[in-house]
Amino acid sequence: MNKFFSLCLFCLLQCILVSAETKRALFIGNSYTAVNDLPNTVKNLALSMGDTLIVDSYTPGGYTFNMHSTDANALAKIQLGNWDFVVLQAQSQEPSFPPAQVQTQTYPYAATLDSLIHVFNPCAETVFYMTWGRKNGDAANCASYPVICTYEGMQMRLRESYLEMTQDNQASCSPVGVAWRTFRNLYPGVELYQPDESHPSTQGTYLAACVFYSTFYRKHCKGAQFMPAGVTTSDGYNAQVVASATVLDSVENWQQYGHLPWSFFTSTQNGTQVNFTNASKRAINYTWNFGDGNNSTVMNPQHTYATAGTYVVSLKASSVCNQSHVYTDTVVVSSGPNALYPIKKIEITALNYQGGTLYWNIPTAWKKAILFNALGQEVKVYPSGKNEYRDTLELPNGNYTLKLISIEGKSYTGRLQVSHR
């Protein structure tokens, strides 16, 4: 099994447990959105996952943000104002041009559209649709700007420009181009492009739809039954995994500047008393479910359990616009004082990652270990093991935390930095 594929399966254990949701999305773009009907592909994908997505679009071929900013049809759809998300997709080449050119040719009109979106609905989330580089670069503009002579160079510039627009307009980004690059590298035999080496094939559109589903709902789409004709079950499943991991492993890369809330918490214990530390972002209201029939709306609650045991705790964080996100975690409550979370920084010895192998050692056998990434998302859960452990897996660059619970009920934490040179 591909190492990336295997890792992603465990990354997706972080999947947020929420009920079916209904969202509304308007897509403003051009043929990159219109080809293969991306909006309805996302709609059908959401439906197969138990969610509802109401969509509309305006996508004339070759349109730029400048054109949309004065187009009566685009403005009329934005003015409806009943959208949870308004997706903005620029002309495919324009954001890859030299920074000074993009600064004058693209950014002002992106800002105009974003402003109009919020005039008619202050709670709508603008989502910039990061597209992909052409299969072999932009031959038409290569001579004047060599950076985009290759796919990699063009993709780099598109990523830079879309993330700048995301930051400048306090918006979110749907990182389709990032997932596209990963999928190209992992599955080079699967064609994402039409013969023009620019527009998406049906497989390319499906990959984009998977990214948008995870962007809108902050949930994985692994196992979705809907796949368009022409997409094989294996290729579709691989698209689901790559797309979900791209969005959910780095949510704060894509949504940190917008207004969507993100829920997360940690906990410490003294006997049956557990202190919860709320680490949510972009939220003002909090609803806790402690897993024993009790609830709280305090930001950082303290809760005493009647008996020791294992409890599934959830935190729902809501924004001023009543947008919400739910994070769940399992808390093991022991009756002994300081039994579970007296964090000792150096108890895990020899924690390192080399050559694709993660290694650690503690003085005792253990009953559970959890590897977290920098966002506090579970990368992998190990149910039990001896005091020395090795695991082969592929970890991207970043900071990681290994939390290990021993047979005796004590918890140890180790920090790990992964840097591929």
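None of these values were measured; they are calculated from a predicted model.
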message: Pair Glu191, Lys135 - check salt bridge (charged side-chain N to carboxylate O under 4.0 Å, His left out), show working.
response: CA-CA 10 Å; Glu191 186 56 78; Lys135 188 173 183 178; 2.7 Å; yes
Looking just at side-chain N and O atoms, do [X] and [Y] make a donor-acceptor pair shorter than 3.5 Å?
{"X": "Asn66", "Y": "Thr64", "value": "no"}
{"X": "Gln240", "Y": "Tyr206", "value": "yes"}
{"X": "Tyr213", "Y": "Asp51", "value": "yes"}
{"X": "Glu125", "Y": "Ser172", "value": "yes"}
{"X": "Asp391", "Y": "Tyr382", "value": "yes"}

Contact summary for [X] and [Y], nearest pair of heavy atoms:
{"X": "Leu88", "Y": "Asp114", "result": "CD1-N, 4.4 Å"}
{"X": "Val418", "Y": "Leu395", "result": "CG1-O, 3.7 Å"}
{"X": "Val35", "Y": "His199", "result": "CG2-CD2, 3.8 Å"}
{"X": "Phe120", "Y": "Leu116", "result": "CD1-O, 3.1 Å"}

Check: [Y] main-chain N/O paired with [X] side-chain donor or acceptor under 3.5 Å:
{"X": "Ser319", "Y": "Ala283", "value": "no"}
{"X": "His118", "Y": "Ala124", "value": "yes"}
{"X": "Asp138", "Y": "Ala140", "value": "yes"}
{"X": "Arg24", "Y": "Asn82", "value": "yes"}
{"X": "His325", "Y": "Ser263", "value": "yes"}
{"X": "Asp168", "Y": "Ala111", "value": "no"}
{"X": "Ser31", "Y": "Ala34", "value": "no"}
{"X": "Ser96", "Y": "Gln93", "value": "yes"}
{"X": "His68", "Y": "Gly29", "value": "yes"}
{"X": "Asn36", "Y": "Pro200", "value": "yes"}

- prompt: Which is it for Gln89 and Thr33 under the side chain to side chain donor-acceptor pair (under 3.5 Å) test, yes or no, and what are the steps along the way?
  reply: CA-CA 8 Å; Gln89 179 244 314; Thr33 298; 2.8 Å; yes
Do [X] and [Y] have side chains that approach each other closer than 4.5 Å (heavy atoms only, starting at C-beta)?
{"X": "Val127", "Y": "Tyr129", "value": "no"}
{"X": "Asn285", "Y": "Thr297", "value": "no"}
{"X": "Phe65", "Y": "Met165", "value": "yes"}
{"X": "Phe226", "Y": "Leu47", "value": "no"}
{"X": "Tyr107", "Y": "Val102", "value": "yes"}
{"X": "Val332", "Y": "Lys368", "value": "no"}
{"X": "Leu315", "Y": "Asn278", "value": "yes"}
{"X": "Glu160", "Y": "Arg157", "value": "yes"}

message: Could you walk me through whether Phe97 and Thr106 satisfy the side-chain contact (heavy atoms from CB on, under 4.5 Å) test, starting with their C-alpha distance in whole Å, then the side-chain angles of each, then the deciding distance to 0.1 Å, before giving a yes or no?
response: CA-CA 10 Å; Phe97 291 158; Thr106 308; over 6 Å; no
message: Tell me yes or no: SG of Cys210 and SG of Cys221, less than 2.5 Å apart?
response: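 Looking at Cys221 and Cys210, their sulfur gamma atoms do not lie closer than 2.5 Å, so the answer is no.
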- prompt: Is there a side-chain contact (heavy atoms from CB on, under 4.5 Å) between Leu192 and Trp132 once you walk through the steps?
  reply: CA-CA 10 Å; Leu192 296 177; Trp132 51 89; over 6 Å; no
message: Taking the basic N atoms (NZ, or NE/NH1/NH2) and the acidic carboxylate oxygens, is any pair closer than 4.0 Å for Glu378 and Lys403?
response: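 Salt bridge: no.
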- request: Please find out if less than 6.0 Å separates the ring center of Tyr327 from that of Phe265.
  value: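 Yes, the ring of Tyr327 comes within the 6.0 Å limit of the ring of Phe265, centre to centre.
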- prompt: For the residue pair Tyr193 and Trp180, is the inter-centroid distance of their aromatic rings smaller than 6.0 Å?
  reply: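 When the ring centroids of Tyr193 and Trp180 are compared, they turn out to be within the sub-6.0 Å range.
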Other residues, nucleotides, ligands: >12 heavy atoms within 6.0 Å of Arg181 CZ: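 Atom CZ in Arg181 is not crowded, with 12 or fewer foreign heavy atoms closer than 6.0 Å.
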query: More than 12 non-hydrogen atoms from neighbouring residues, nucleotides or ligands closer than 6.0 Å to NZ on Lys23, yes or no?
result: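 More than 12 within 6.0 Å, yes.
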If you round to the nearest 0.5 Å, how far is [atom2] of [Y] from [atom1] of [X]?
{"X": "Ser92", "Y": "Leu158", "atom1": "OG", "atom2": "CG", "answer": "8.5 Å"}
{"X": "Glu94", "Y": "Ser161", "atom1": "CD", "atom2": "OG", "answer": "9.5 Å"}
{"X": "Phe128", "Y": "Cys173", "atom1": "CZ", "atom2": "SG", "answer": "9.0 Å"}
{"X": "Asn352", "Y": "Leu358", "atom1": "CG", "atom2": "CG", "answer": "7.5 Å"}
{"X": "Asp329", "Y": "Phe264", "atom1": "CG", "atom2": "CZ", "answer": "7.5 Å"}
{"X": "Ile370", "Y": "Leu402", "atom1": "CD1", "atom2": "CG", "answer": "9.0 Å"}

- prompt: Among Val241, Leu207, Val178, which residue meets the side chain to side chain contact (heavy atoms under 4.5 Å, CB included) test with Phe183?
  reply: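 Result: among Val241, Leu207, Val178, Leu207 is the only option passing the side chain to side chain contact (heavy atoms under 4.5 Å, CB included) with Phe183.
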message: For a side chain to side chain donor-acceptor pair (under 3.5 Å) check, start with the C-alpha distance between Arg218 and Gln255, then their side-chain angles and the critical distance, and finish with the verdict.
response: CA-CA 10 Å; Arg218 271 89 66 79; Gln255 299 186 354; 3.2 Å; yes
- request: Could you pull out all residues at least two apart from His303 that satisfy ring pair (Phe, Tyr, Trp, His ring centres under 6.0 Å)?
  value: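 Result, ring pair (Phe, Tyr, Trp, His ring centres under 6.0 Å) vs His303: Phe290, Tyr305.
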- prompt: Taking it one step at a time, do Leu163 and Met130 satisfy side-chain contact (heavy atoms from CB on, under 4.5 Å)?
  reply: CA-CA 8 Å; Leu163 289 180; Met130 183 198 296; 4.2 Å; yes
task: Using the salt bridge (Lys or Arg N to Asp or Glu O under 4.0 Å) rule, collect all pairs that involve residues 55-65, keeping only residues at least two apart or in two chains.
output: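 The answer is Asp56-Lys77.
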message: Before you tell me yes or no, could you show the steps for Thr59 and Tyr32 under side chain to side chain donor-acceptor pair (under 3.5 Å), namely the whole-Å CA-CA distance, both residues' side-chain angles and the distance that decides it to 0.1 Å?
response: CA-CA 8 Å; Thr59 56; Tyr32 268 35; over 6 Å; no
- request: May I have the step-by-step check of side-chain contact (heavy atoms from CB on, under 4.5 Å) for Thr215 and Trp254, ending in yes or no?
  value: CA-CA 9 Å; Thr215 297; Trp254 322 124; over 6 Å; no
query: Taking it one step at a time, do Gln105 and Gln101 satisfy side chain to side chain donor-acceptor pair (under 3.5 Å)?
result: CA-CA 6 Å; Gln105 187 172 302; Gln101 183 176 349; 3.0 Å; yes
query: Looking at Tyr217, Phe27, Phe85, which hits ring-ring contact (aromatic ring centres under 6.0 Å, His included) with Phe212?
result: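 For Phe212, the ring-ring contact (aromatic ring centres under 6.0 Å, His included) test succeeds with only one of Tyr217, Phe27, Phe85, which is Phe27.
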